[in-house]
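To start, the structure under review is shown below, and the notes come after it.
One-based numbering, in listed order, for ligands and for the atoms of each.
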Amino acid sequence: MTPLKQIEHIGIAVKNLESSIPFYTDLLGLKLVGIETVESEQVRVAFIEIGETRLELLEATNPESSIAKFIEKKGEGIHHIAFQTGNAQQHLDFLKIQGIKLINEVPKEGAHGNLVAFLHPKSTNRVLIELCQPPSKSTREEVENINEHSL
Ligand code: ZN
């Protein structure tokens, strides 16, 4: 199993992206690198780069979204921490055997084509932890190579 190398991002629940972004960009001088809607999570997400990692501002697109429920219960604030993994499934399988409660037993597609899975806060000091597996470069290259050969 490949060791975790870095914090991929920190998720922050906000009521409104447009009114939250300028603090980070205009006042802190950070760079907004993209806004994306993730239908499966019913959120709009703004990524703000800081060094090797990012802040992920999350706005609910639907009152049923887990972000809407989080804000309703606790207000805006830090929602989750995402660790960058190699093979997320391997980590999930191992953690499950160790008795860690999982929200997702199989990673699903998140923003930027990442595969993501959440661990249950009951097992992790009430911190919602996301495992985040970036799309593999070698897979992309293989696909490109196959395409080249078929031309
Ligand atoms: Zn996240």
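Taking the side chain to side chain donor-acceptor pair (under 3.5 Å) definition, one finds that S40 meets it with nothing, sequence neighbours left out. K74 pairs by the side chain to side chain donor-acceptor pair (under 3.5 Å) definition with nothing, not counting sequence neighbours.
Closer than 2.8 Å to the Zn ion (ligand 1) sit the protein N, O or S atoms H9 NE2, E56 OE1, H80 NE2, E130 OE1.
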Report the C-alpha separation of Q84 and H9 in whole Å, then their side-chain angles, then the decisive distance to 0.1 Å, and conclude whether the side chain to side chain donor-acceptor pair (under 3.5 Å) test is met.
CA-CA 8 Å; Q84 191 182 101; H9 60 262; over 6 Å; no

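Residue pairs meeting the side-chain hydrogen bond (donor to acceptor under 3.5 Å, both in side chains) criterion with at least one partner in residues 92-103, sequence neighbours excluded, are Q89-D93, K96-E105.
A distance below 6.0 Å separates the ring centres of F47 and H112.
Side-chain contact annotation: H91 with Q133, donor-acceptor N/O pair under 3.5 Å absent.
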